[in-house]
Colleague: 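I'd like to ask some things about the structure below.
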Amino acid sequence: MNPVPSFIRFGHSINGAFIEDEVLPQIKKIARLTRTPVIDLHNPFLNRADLFPDKIHPNAAGAAEMAKIIAPILLKHGKKAPQPAGHHVPHPPVENLVIWDNEPAYDWEGTYPVGNGRLGATPYSLFPREQIVINEETIWRNDGRQYMEENSFPHFEKIRELVAAEDYKAADEYFMKHISKKGSPHKSPYSYQPAGRLRIAYENTTQIAATHRQLDLRTGVSTSTYTLQDGSKITQEVFASAQWDCLVVHITSDKPLDLVTWMDGAKIEGEDCVMDGQGTGKLGTKFQNRIRLKGASASADGTKLEMKGTQQATILMTVATNFNRQNSAAALAEGWQQKTTDILDRAKDQTAEQLKSNASSDHARFFDRVQFDIGKTADSIMKLPTKARLALLKKESSAAEGSQGKPCSDPDLMETYYQFGRYLLIASSRPGSLPANLQGIWNPYEFAPWASDYHLNINVQMNYWPAETCNLAELHPPLFDLLKSWLPQGKDMTRRMGMKGWAMGHSTDIWGSARSMGTRPLWAATYLGGQWASFHILEHYRFNKDPKALEPYWELLTESATFCESWLIPGPKNDKGEETLIARPATSPENKFKYIDKDGNEQTAALSAGTSVEQWMIMQVFKDYVEAANALGKKDDAFVKRIESLIPKLYVPKVAEDGRLMEWIKPFKEWSPSHRHISHVIGAYPGNVIDIDDDPVMRDAVTKSIDGRLAAGGAGTGWSRAWTIGMYARFSLHFGQSLGQPPPLPD
């Protein structure tokens, strides 16, 4: 039995949606795991506003009526409350590129995602009340334009002086007081937000006996099979159509059943269920969800679509927003809502099979390009749910820790994992769409972890590392196009800083918010994230060698190089006694360093100058720019010549006495020796300005730096492990392999 405020649905409940979406699934999970009998006293009280005069509490008459509802339910079960469904119904063995489970997703992180680049859906496979989180890529919070304080240059100069005087802690404090805490009131990227939850009630059926759900990576279809206690089955397929720009839920049943579908806050308009919403904040994205269930009728309260006695049903759904893709600062005028009707009208004559066949074929034209085979898994393992195979692999890995050369017992799972990464990019980044954000395109939270934003100090870039090497080149340009759309915001930021060109903070959002994000300098003083993301433009070109791929982004590359030039200040002399150039006060994301101050006390700070990550990035930007100029026939342009002349003047990071690449220009101790970021080796990967083939000293310095991180317990998060694995792959090394010269290539 659940708290009284959950008894009334949207519009009346204090926290009913949270209870239904988050608490109840967890109760069901615990009941199943512990085999605890459960009696449902939640559903009988939904939509009974008459019992709650003040919309929250029942009066005496309402309480008496509630007792009349509860009593027969309890009497029916007596001391034998029903056991939760838990037994497994055998299904035919699945093939390698299918992930599956024999229970629902009791939390969002366990759902199987589908998407078409613009729209995303994550079904939970809950019965009899299913919920599917819906996402549309342009629904974000917005509280107004974000900006740096005007005339910030004198403050950057003061920080430069403090760093030169080695008063690093004072530099940090001055930065926070005069730069990061100034400017617009909001100092973090706005959050990506969901469109809502599509709800489906399966009614007039027997109780659930077993659930089987799967995601076929080859087709992009998420299928839930509900086996009922009378032996009948209900099949629910969810997929996203790129051609028809909609989400589809197709339901078939062995026996007639009643279906109800809706979204909280929706109302019936004509034959559709329509929900209008807005992202949080005064300028949050306005959006409209439209649901169509052919053959359905409106519920008595005018908020849902209902079908009686059906064995087949197809739900079409789409979303439209007022986000202006040509100018994010100016929302679309009224009338954009018509798009939802137009989309569903175009698709209404398509059968479910036609829609699925078309969506699967469209998905397959990307997915089927790569075949990956590293071995065969035993049938006894292949028949297990994906989570059980993962558990076995973890157990095997733990038992084999420290040993070398033992083959993996489940190579098919490795293949599936690789292809799952490709699947996620296909589903969340299509030509004409926005690029994948921090969570791809899927997010159930109003205030998502890290805002599900565009983190520009590793995360967005990592999303696109597989684009070229995994034969998904067409999915790469959405990232470039978004960078290009941020030119006005980034140029305004650099102007306020007293610099030239274009740059961004360490993270941003769909609006291209450009300022010091956060207040602490270990991330707020990072301004080369946009430059890092622009590396991808040249990487895309290197794979296709078509200069036309560079032409649309020449201005972006030019403005990126312009900022880097203005960000440089005189540095220490090199080994030849020549003057060098270094990045002005900078950080090493998101680490800090320890130093001894003038009074002999140990201090910790983030700001210095000429950090290795910024030196490598500026060198990469300049070399990429010259490479692009050569491809476009612009190598003799005056600005190109000037940038080319600066490359040999850049300070090159040094090797420390312990053989590691220095993270800072001075031999500081790391605040976090195991830090998850390894940005100071970016010149080797994903950059290419460190010559790992012909510079063995620098090669060894980089590998020793990574080994040092790992020895201290680094790579503790998933993305950090992926970064480290990528680095080892670039160096043709295995974890724990003795470093030095790379192993010989096979004949």
Colleague: Which pair of heavy atoms, one from Ala609 and one from Ile582, lies closest together, and at what distance?
Modeller: CB-CD1, 3.9 Å
Colleague: Can Ile537 and Leu550 be said to form a side chain to side chain contact (heavy atoms under 4.5 Å, CB included), step by step?
Modeller: CA-CA 7 Å; Ile537 298 173; Leu550 296 172; 3.9 Å; yes
Colleague: Evaluate the criterion side chain to side chain contact (heavy atoms under 4.5 Å, CB included) for residue pair Asn591 and Trp671; output intermediate values, then yes/no.
Modeller: CA-CA 7 Å; Asn591 208 353; Trp671 165 66; 3.5 Å; yes
Colleague: Counting distance only, does the side-chain N/O of Thr508 pair as donor-acceptor with the main-chain N or O of Ser513 below 3.5 Å?
Modeller: yes
Colleague: Run Trp554 and Tyr625 through ring-ring contact (aromatic ring centres under 6.0 Å, His included) and show every step you take.
Modeller: CA-CA 9 Å; Trp554 178 249; Tyr625 187 61; 4.6 Å; yes
Colleague: Can you find a pair of side-chain heavy atoms, one from Leu557 and one from Leu538, that are under 4.5 Å apart?
Modeller: yes
Colleague: Relative to each other, are the rings of His178 and His155 parallel, tilted or perpendicular (30° and 60° limits)?
Modeller: parallel
Colleague: Please name the residue in the list Phe175, Tyr595, Tyr174 that meets the ring pair (Phe, Tyr, Trp, His ring centres under 6.0 Å) test with Tyr168.
Modeller: Tyr595
Colleague: Ignoring hydrogens and geometry, is there a side-chain-to-backbone donor-acceptor pair from Asn322 to Trp336 under 3.5 Å?
Modeller: no
Colleague: Would you call Tyr147 and Arg496 a side-chain contact if the rule is heavy atoms closer than 4.5 Å?
Modeller: yes
Colleague: Go through the steps for Arg515 and Gln146 under the test side chain to side chain donor-acceptor pair (under 3.5 Å), then give the verdict.
Modeller: CA-CA 7 Å; Arg515 57 157 293 129; Gln146 297 190 51; 4.7 Å; no
Colleague: Would you please classify the geometry between the His455 ring and the His506 ring as parallel, tilted or perpendicular, with 30° and 60° separating the classes?
Modeller: perpendicular
Colleague: Could you give me the CA-CA distance, side-chain angles and deciding distance for Glu627 and Arg542, then say whether salt bridge (Lys or Arg N to Asp or Glu O under 4.0 Å) is met?
Modeller: CA-CA 10 Å; Glu627 182 180 349; Arg542 293 180 189 117; 2.9 Å; yes
Colleague: In sequence, state the C-alpha distance, the side-chain angles, and the governing distance for Arg118 and Glu136, and then conclude on salt bridge (Lys or Arg N to Asp or Glu O under 4.0 Å).
Modeller: CA-CA 6 Å; Arg118 185 178 81 88; Glu136 198 280 343; 3.0 Å; yes
Colleague: Compare all side-chain heavy atoms of Ile643 with those of Leu646 and state whether any distance is below 4.5 angstrom.
Modeller: yes
Colleague: Could you work out, with ring pair (Phe, Tyr, Trp, His ring centres under 6.0 Å) as the rule, every residue matching Tyr454, not counting sequence neighbours?
Modeller: Trp140, Trp486
Colleague: Under the criterion salt bridge (Lys or Arg N to Asp or Glu O under 4.0 Å), I'd like the reasoning laid out for Glu590 against Arg676: C-alpha separation, chi angles, the key distance, then a yes or no.
Modeller: CA-CA 8 Å; Glu590 297 168 359; Arg676 60 196 178 278; 3.0 Å; yes
Colleague: Less than 4.5 Å apart, side chain to side chain, heavy atoms only: is that true for Arg709 and Ile678?
Modeller: yes
Colleague: Can you find a pair of side-chain heavy atoms, one from Met263 and one from Met317, that are under 4.5 Å apart?
Modeller: yes
Colleague: Can you list everything that forms a salt bridge (Lys or Arg N to Asp or Glu O under 4.0 Å) with Asp167? Sequence neighbours excluded, please.
Modeller: none
Colleague: Check Phe535, Trp723, Trp465 against Tyr685 for a ring pair (Phe, Tyr, Trp, His ring centres under 6.0 Å) and give me the one that passes.
Modeller: Trp465
Colleague: How close do Asp172 and Ala605 get, counting heavy atoms only, and between which atoms?
Modeller: OD2-CA, 3.3 Å
Colleague: Which heavy-atom pair separates Leu568 from Cys564 by the least distance, and what is that distance?
Modeller: CG-O, 3.3 Å
Colleague: Do Phe639 and Lys634 come within less than 4.5 Å of each other through their side chains, counting heavy atoms only?
Modeller: no
Colleague: Give a yes or no on whether the backbone of Thr717 and the side-chain of Ser720 come within a donor-acceptor separation of less than 3.5 Å.
Modeller: no
Colleague: For residues 426-438, which residue pairs pass the side-chain hydrogen bond (donor to acceptor under 3.5 Å, both in side chains) check, not counting sequence neighbours?
Modeller: Asp362-Arg430, Ser429-Tyr464, Asn437-Ser452
Colleague: Is there a donor-acceptor contact under 3.5 Å linking the side chains of Thr321 and Thr138?
Modeller: yes
Colleague: Do Arg495 and Asp492 meet the salt-bridge criterion of a basic N to acidic O distance under 4.0 Å?
Modeller: yes
Colleague: When the ring planes of Tyr423 and Phe420 are compared, do they come out parallel, tilted or perpendicular, using 30° and 60° as the limits?
Modeller: parallel
Colleague: Within the side chain of Glu137, is there an N or O that forms a donor-acceptor pair under 3.5 Å with the backbone of Leu434?
Modeller: yes
Colleague: Is Arg141 salt-bridged to Glu446, going by a charged N under 4.0 Å from an acidic O?
Modeller: no
Colleague: Assess the residue pair Arg520 and Ser180 against the criterion (side chain to side chain donor-acceptor pair (under 3.5 Å)); give the C-alpha distance rounded to whole Å, side-chain angles, the decisive distance to 0.1 Å, and a yes or no.
Modeller: CA-CA 7 Å; Arg520 297 171 63 190; Ser180 61; over 6 Å; no
Colleague: Sequence neighbours left out, cut at 3.5 Å: what donor-acceptor pairs do the side chains of residues 614-622 make with other protein atoms?
Modeller:
from	atom 1	to	atom 2	distance (Å)
Glu614	OE1	Trp567	NE1	3.0
Gln615	OE1	Ala583	N	2.8
Gln615	NE2	Leu581	O	3.3
Gln615	NE2	Tyr651	O	3.0
Trp616	NE1	His680	O	3.1
Gln620	OE1	Asn688	N	2.9
Gln620	NE2	Asp624	OD1	3.1
Gln620	NE2	Asn688	OD1	2.9

Colleague: Any chance the rings of Phe323 and Trp511 have centres within less than 6.0 Å?
Modeller: yes
Colleague: Determine, step by step, whether Ser588 and His675 satisfy the side chain to side chain contact (heavy atoms under 4.5 Å, CB included) criterion, reporting the C-alpha distance in whole Å, the side-chain angles of both residues, the deciding distance to 0.1 Å, and the verdict.
Modeller: CA-CA 11 Å; Ser588 185; His675 204 278; over 6 Å; no
Colleague: Can you name the salt bridge (Lys or Arg N to Asp or Glu O under 4.0 Å) partners of Lys182, sequence neighbours left out?
Modeller: none
Colleague: Do we see a donor-acceptor contact under 3.5 Å between the side chains of Arg290 and Thr341?
Modeller: yes
Colleague: Is there a side-chain contact between Arg584 and Glu157 (heavy atoms, below 4.5 Å)?
Modeller: yes
Colleague: Please report the closest heavy-atom contact between Ala121 and Ile134, naming both atoms and the distance.
Modeller: CB-CD1, 4.2 Å
Colleague: Which atom pair, heavy atoms only, marks the closest approach of Leu247 to Ala240?
Modeller: CD2-CB, 3.6 Å
Colleague: Can you name the closest pair of heavy atoms from Asn443 and Pro194 and give their distance?
Modeller: O-CB, 3.3 Å
Colleague: Quick one: salt bridge (Lys or Arg N to Asp or Glu O under 4.0 Å) partners of Lys181, sequence neighbours excluded?
Modeller: none
Colleague: For the CD atom of Glu663 and the OG atom of Ser608, what is their distance to the nearest 0.5 Å?
Modeller: 9.5 Å
Colleague: Glu565 vs Lys500, test: side chain to side chain contact (heavy atoms under 4.5 Å, CB included). Steps then yes/no.
Modeller: CA-CA 8 Å; Glu565 180 191 22; Lys500 298 178 181 178; over 6 Å; no
Colleague: With rounding to the nearest 0.5 angstrom, report the CE to OG1 distance, Met275 to Thr340.
Modeller: 12.5 Å
Colleague: Verify, without hydrogens or angle tests, whether Arg721 (side chain) and Ala715 (backbone) share a donor-acceptor contact under 3.5 angstrom.
Modeller: yes
Colleague: Just so I know, are the side chains of Pro113 and Thr122 near enough to count as touching, which here means a heavy-atom distance under 4.5 Å?
Modeller: yes
